[in-house]
Amino acid sequence: MAASLSTPLDVHHTVQKSDKRRPVFFTKPQRTHRAVKFSVCCSSLKSPSKSQNVPDSPNPKTPSLSEQLKPLSTTTLSPSKNDQIHLLSKPKSTWVNPTKPKRSVLSLQRHKRSAYSYNPQIRELKLFAQKLNDCDNSEEAFLAALNEIPQQPTRENALLILNSLKFWQKTYLFFNWIKTQNLFPMETIFYNVTMKSLRFGRQFQLIEELANEMVSNEIKLDNITYSTIITCAKRCNRFDKAIEWFERMYKTGLMPDEVTYSAILDVYAKLGKVEEVLSLYERGVATGWKPDAITFSVLGKMFGEAGDYDGIRLGKPGLARSLFDEMIESGLTPDEKTLTALIKIYGKARWAKDALELWERMRENRWPMDFILYNTLLNMCADIGLVEEAEKLFEHMKQSENCKPDSYSYTAMLNIYGSGRKVDKAMDLFEEMPEQGVEINVMGFTCLIQCLGKARRIDDLVRVFDVSVGRGVKLDDRLCGCLLSVVALCETSEDVDKVIACLQQANPKLVAFVKLIEDEKTDFQIIKEEFRTVIRDTAVDARRPFCNCLIDICRNRNLHVRAHELLYLGTLYGLYPGLHNKTGNEWNLDVRSLSIGAAQTALEEWIGTLEKTVQRKEELPELFLAQTGTGTHKFSQGLAAAFATHLEKFAAPFRQSEERAGYFVATKEDLVSWVQARMHPSVTA
DNA sequence: GTAGGGTTAG
């Protein structure tokens with residue numbers, strides 16, 4: 001640790017609490033609502049004495065970024081197992097020793113661009129570039145067209161043509177042609193322009209080859225080169241490569257500027273490495289960096305996505321809001337993309353008040369709106385349950401010139417009507433879409449089928465399903481999960497058969513599994529094996545919903561043993577991470593991501609475990625918690641209420657917590673005497 | 001798109 005303290009990228013100066021001589025210089029923003037403002041972090045810091053401390057040569061002793069970040073990523077950021085850490089531990093303070101100013105992590109100067117000079121041949125060259133663009137994509141055709149070049153190009157003319165080519169294949173051919181002509185030395189800018197074009201074609205391998213060629217030929221890689229490489233790797237989902245090149249840049253002694261820096265922040269954000277992003281962000285701010293709107297978007301988006309809002313992880317909408325406020329105070333006007341990121345966060349967090357206030361500010365200040373922002377507002381309405389507001393906005397879009405509703409807009413409206421059980425309005429939209437020239441896709445069908453299922457309009461559901469099949473829509477796992485949830489809802493065997501017939505077309509293996517679990521004679525080992533196969537073949541985001549629905553189906557058919565088996569298997573295969581949380585003081589059953597039937601099953605299972613623990617006289621914590629969430633979603637399915645009913649059925653001594661919303665609590669004392677009474681009813685009778 | 005960074009759905 002000590003050795004790494006002097007390196008530019010040591011971002012974790014957390015010291016022991018006993019080291020009280022060191023003043024707290026700044027703390028990490030709290031991960032709660034109304035988080036500490038970021039300006040507090042930066043304004044209280046003096047600029048380091050050397051803000052531009054750029055080493056001249058690669059420093060082999062410098063640990064790589066990933067090495068430095070390793071302790072964090074392996075201790076607090078590994079998935080599933082450590083999710084609770086974020087929930088239960090308070091944010092750590094970051095301690096800074098002011099007598100040892102840290103070295104910069106980024107250059108405050110942006111890369112300077114070369115100025116364009118007037119080119120009298122511009123028309124002629126543009127025409128020629130157009131010819132190159134129009135010719136066939138083959139190498140032969142391109143080289144033939146190249147032969148008609150008016151004259152051997154100068155450096156400036158070659159750059160102009162290189163910049164005017166539309167397809168990466170041609171840019172690449174032209175770049176290689178210039179090289180063979182040996183007219184002038186190949187400078188960085190030629191590589192940069194070519195790489196940008198290759199990035200459009202997502203040709204990361206070619207970009208990397210060019211970068212290595214630059215290194216071999218001792219052509220300087222600058223910030224533009226690195227940011228292009230990094231963002232191309234990112235777009236090609238090669239996050240490992242993005243980080244690798246970022247580290248290589250530091251090792252050569254080149255400081256990233258804010259563009260490269262925000263690009264790498266986005267890489268870490270996309271990897272879900274929130275703590276690393278915050279550390280890098282704070283290090284940047286501490287050395288005098290004032291993040292711009294794009295960085296705010298990157299961070300805001302990350303805070304919004306840090307939580308899945310299904311109840312497993314904790315989002316950080318408060319941080320996003322603080323950042324946004326800070327950005328406005330600093331005098332920046334948010335653009336469409338920043339607003340989109342923020343509106344999405346408020347929607348997912350179900351922060352209705354903040355969402356509506358922001359929407360109001362957008363209108364008052366006439367902040368820029370675009371198509372995506374309109375659609376994001378509609379989705380926010382769906383998340384929060386703002387039916388009327390969405391309808392108004394949707395109408396507004398219809399009357400607009402440039403923002404007519406598209407498939408995103410219609411899907412959002414179908415989602416709203418589906419969740420709000422406005423089945424007739426949903427069907428009206430379904431009829432209206434072809435008239436407006438908008439094709440309904442699998443997501444729209446899923447919303448509509450869900451809506452019809454909840455309304456028990458099974459014949460309409462079958463009709464809509466048949467339309468989707470007729471249109472050749474690819475029926476995916478989420479649509480199957482939706483059909484499966486309708487199977488669980490159906491009250492008559494006729495209805496069940498109708499929906500099962502649909503599901504049979506979409507996913508026959510799933511239907512076979514439903515039949516298997518419904519047969520009480522099926523052996524558990526067979527269930528286990530088949531469950532594994534079904535889940536393995538299911539898209540990750542549909543796995544838990546499948547298991548929830550299967551459990552609900554069993555409970556509705558009084559197959560309680562089977563329901564318990566399925567919950568066990570779901571837990572075994574990792575579909576319910578963080579369901580049981582045990583600390584020294586309390587046991588917590590977190591059922592927020594479970595369906596009602598699955599939550600009831602989990603409660604019964606929990607009580608069974610308690611009974612065994614009491615029987616064995618093992619140690620128990622003082623407090624027991626069951627977390628259902630508050631169901632603040634306007635369209636929520638009433639998990640908390642159903643859970644409360646189930647607790648009453650057992651006369652279990654849990655009461656709804658007044659201090660902690662969305663929790664049921666019981667003390668050890670009450671619970672133990674209740675369990676003992678259940679086990680020995682004759683003694684207490 | 002005129003050498004580099006950030007936006008939408010079930």
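Please read all numbers here as calculations on a predicted model, not as lab measurements.
Across B:dG5 and B:dG1, the matching P atoms stand 10 Å from one another, rounded to whole Å. The separation of B:dG6 from B:dT2, taken at their P atoms, amounts to 14 Å, rounded to a whole angstrom.
Taking every side-chain heavy atom of A:K234 into account, B:dG5 is the closest of B:dA9, B:dG5, B:dT8. Checked against B:dG6, B:dG1, B:dG10, the side chain of A:N415 finds its nearest nucleotide in B:dG10. Each of B:dG1, B:dG5, B:dA3 was ranked by its minimum atom distance to the side chain of A:D222; first place goes to B:dA3. With B:dG10, B:dG1, B:dG5 as the candidates, the nucleotide lying closest to the side chain of A:T411 is B:dG10. Here the side chain of A:A293 is nearest to one of B:dA3, B:dG6, B:dA9, namely B:dG6. Among the nucleotides B:dT2, B:dG5, B:dA9, the one closest to the side chain of A:M443 is B:dA9. Closest approach to the A:T340 side chain among B:dG10, B:dA3, B:dT7 is made by B:dT7 (side chain taken as heavy atoms from C-beta onward).
A:F200 comes within 4.0 angstrom of a base, heavy atoms only. Using a 4.0 Å heavy-atom distance criterion, A:K112 is classed as a base contact. Residue contacts shown for A:N223 include a base, since a base heavy atom lies under 4.0 Å away. A:S407 comes within 4.0 angstrom of a base, heavy atoms only. Contacts of A:T194 with the nucleic acid, taken as non-hydrogen atoms under 4.0 Å apart, are absent. If you check every strand for non-hydrogen atoms under 4.0 Å, A:K166 touches a base.
Straight-line distance from the CG atom of A:D370 to the C1' atom of B:dT8: 9 Å, rounded to whole Å. Taking atom CZ of residue A:R199 and atom C1' of nucleotide B:dT2, one finds them 13 Å apart after rounding to whole Å. In this structure, the OH atom of A:Y226 is 16 Å from the C1' atom of B:dA3, given to the nearest Å. Rounded to whole angstrom, the span from the CD1 atom of A:I189 across to the C1' atom of B:dT2 amounts to 10 Å. Atom-to-atom, CG of A:D383 to C1' of B:dT8 comes out at 12 Å; the value is rounded to the nearest Å. Distance, A:M433 CE to B:dG10 C1': 12 Å, rounded to whole Å. What separates CG of A:D406 from P of B:dT7 is a distance of 18 Å, to the nearest Å. Atom pair A:D257:CG and B:dA3:C1' shows a separation of 12 Å (rounding to whole Å applied).
Proximity of A:P256 to A:Y226: side-chain heavy atoms (C-beta onward) are nowhere separated by under 4.5 Å. Contact of the A:Y281 side chain with the A:L323 side chain is registered, since non-hydrogen atoms from C-beta on lie closer than 4.5 Å. A:F167 places none of its side-chain heavy atoms less than 4.5 Å from the side chain of A:F142.
Heavy atoms of other residues, nucleotides or ligands lying less than 6.0 angstrom from CD of A:E431 number more than 12.
Contact annotation: A:K301 reaches the phosphate of B:dT7 (side-chain N/O to OP1 or OP2, under 4.0 Å). A sub-4.0 Å separation between OP1 or OP2 of B:dG5 and a side-chain N or O of A:K337 is absent.
Legend: residues meeting side-chain contact (heavy atoms from CB on, under 4.5 Å) with A:V259, ordered by chain and number and at least two apart, are A:R110, A:S227, A:D257. Applying the ring-ring contact (aromatic ring centres under 6.0 Å, His included) rule to A:F465 yields no partners; only residues at least two apart in sequence or on another chain are considered.
Checking A:D222 against A:N192 by side-chain atom types alone, a donor-acceptor pair falls below 3.5 Å. Residues A:E391 and A:Y417 have side chains that bring a donor and an acceptor to within less than 3.5 angstrom of each other. Under the 3.5 Å distance criterion, with hydrogens and angles disregarded, no donor-acceptor pair is assigned to the side chains of A:T538 and A:D477.
Below the 3.5 angstrom threshold, one finds no donor paired with an acceptor across the side chain of A:T376 and the base of B:dT8. You'll find a donor-acceptor pair under 3.5 Å spanning the side chain of A:T295 and the base of B:dG5, going by distance alone. With hydrogens and angles ignored, a donor-acceptor pair closer than 3.5 Å exists between the side chain of A:D292 and the base of B:dG5. Within 3.5 Å, no donor on the side chain of A:N163 pairs with an acceptor on the base of B:dA3, nor the reverse. At a cut-off of 3.5 angstrom, the base of B:dT7 holds no donor-acceptor pair with the side chain of A:D335. Side-chain to base pairing of A:T338 with B:dG6: one donor and one acceptor N or O lie within less than 3.5 Å of each other. Looking at A:R110, its side chain comes within 3.5 Å of the base of B:dG5 through a donor and an acceptor atom.
At a non-hydrogen distance threshold of 4.0 Å, A:K126 from residues 123-135 of chain A come into contact with DNA chain B.
Proximity of the aromatic rings of A:Y261 and A:W289 is defined here by a centroid distance below 6.0 angstrom, and this criterion is met.
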